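No hydrogens, no waters, no symmetry mates; every other heavy atom, side chains included, goes into these values. A quick note: this is a predicted structure, and the numbers were derived from the prediction, not measured. The first residue in the sequence is number 1, and the count goes up from there.
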Amino acid sequence: MKAVGYKKSLPIEDQDALFDFETAKPDPRGRDIRVAVKAISANPVDYKVRKRAAPPEGEVKILGYDAAGVVDAVGPEVTLFKPGDEVFYAGSILRQGTNAEFHLVDERIVGNKPKSLSFAQAAALPLTSITAWELLFDRLGAVPGKSVDPRTLLITGGAGGVGSILIQLARRLTGLTVLATATRPESQKWCHDLGAHAVIDHGKPMKEQIDKLKLPPVALVASLTFTDQHYKSIADFMAPQGRFGLIDDPPEFTMSTFKGKAISVHWESMFTRSSFQTPDMIAQHHLLNDVADLIDKGVLRTTLDQTFGTINAANLKRAHALLESGKSRGKIVLEGW
């Protein structure tokens, strides 16, 4: 089968940062399904792993987490899917990735593809949907249901992949006031279009902008990018006893900053359930099916922004480079071989 991989952690400009190669088609065992991959999307975790985690000498690592495709074969313990089913999922960080024609994945972290979406549109959704859903409901404790919630949720980096789905989830499924941040005019418009009640510029002092908006207290924060640059100023204007959630890896972060206001701090990692085989691992199967249902009902929409052509090393290099620039919006998808 065709695949894209790397042997050494190299700058994306390097010829061998990612390369095309052929490898054996894997065989499913246990609860694994084998998926014929039709489309993938690129995420910041892809380039972060590429830059930090070189495979053992002589081996080739295949990146990629998001995928949409068709079940090709199933392991002997599989009960949720059968060959021919259309699926979408975000894979495991401990296994070979989705930048391959065929891919093995545990059925418990796989959902049925939204019927109303193409494979490309569906591939944009899994990793960011899981991250946003778990962050909003499991970590920050937001309450699903449209009853009035007298609090504001601040989403920093609202135009990125996770922010793009988180804005929708918070606006459509909760009574929270949704405040997003973005710096460029086109990114600010993107956040408004997705449903944010208000958008501010995180490149400027946030407190002054928030004070002018006269919003309910900022009691929940989803810090999606550059947490080290913003968390101290956010702690200054957050409501006491709030919840601060983050998904990035800030080089500097002092938790005691939040102690005086008894603000709790929560990290979200959507790979935790699959990495540790948690008893509730199947929650991601149910979560993705819920997202698919909400998509098909028109409550949520895909966050696909750009399609970069077929799945190969050259196009994946372009995707990695754009993500590393920090100027991407929504999701980048590659489709077909």
Does [X] reach the side chain of [Y], with side-chain heavy atoms less than 4.5 Å apart?
X      : Y      : answer
Leu153 : Ile155 : yes
Val199 : Trp190 : no
Leu80  : Val110 : no
Ile311 : Glu101 : no
Glu134 : Arg139 : yes
His197 : Leu179 : no
Pro216 : Thr152 : yes
Asp193 : Arg301 : yes

Counting only heavy atoms not in [X] (residues, nucleotides, ligands), do more than 12 fall under 6.0 Å from its [atom1]?
X     : atom1 : value
Lys38 : NZ    : no
Lys82 : NZ    : no
Glu57 : CD    : no

Practice item. Identify the two heavy atoms, one from Thr181 and one from Gly157, that lie closest to each other, and give their separation to 0.1 Å. Key: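 Looking at all heavy atoms of both residues, the closest pair is OG1-N, 2.9 Å.
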**Study point:** Minimal non-hydrogen separation, Val221 against Met238, with atom names
**Key:**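 Residues Val221 and Met238, closest heavy atoms: CG2-SD, 3.6 Å.
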Would you check if the distance from the ring center of [X] to the ring center of [Y] is below 6.0 Å?
X      : Y      : value
Tyr89  : His103 : yes
Phe308 : His320 : no
Phe244 : Phe258 : yes

Exercise for review: Kindly indicate, with the supporting measurements, whether the criterion side-chain contact (heavy atoms from CB on, under 4.5 Å) is fulfilled by Phe81 and Asn112.
Suggested key: CA-CA 9 Å; Phe81 300 100; Asn112 293 292; 3.5 Å; yes
Would you mind checking if [Y] and [X] are paired as a salt bridge, meaning a charged N to carboxylate O distance below 4.0 Å?
X      : Y      : answer
Glu77  : Arg31  : no
Asp66  : Lys331 : yes
Asp20  : Lys2   : no
Arg29  : Asp32  : no
Asp296 : Lys115 : no
Asp211 : Lys207 : yes

Check your understanding: Any link between Phe237 and Val265 through a network of hydrophobic side chains (Ile, Leu, Val, Met, Phe, Trp, Tyr) touching at under 4.5 Å?
Key ->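 In one cluster: yes.
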**Study point:** hydrophobic_cluster_shared for Leu288 and Val78, side chain cutoff 4.5 Å
**Key:**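 Yes, same cluster.
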Exercise for review: Check whether any side-chain N or O of Ser275 sits under 3.5 Å from a backbone N or O of Phe271 as a donor-acceptor pair, and report yes or no.
Suggested key: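 Yes; at least one donor-acceptor contact below 3.5 Å.
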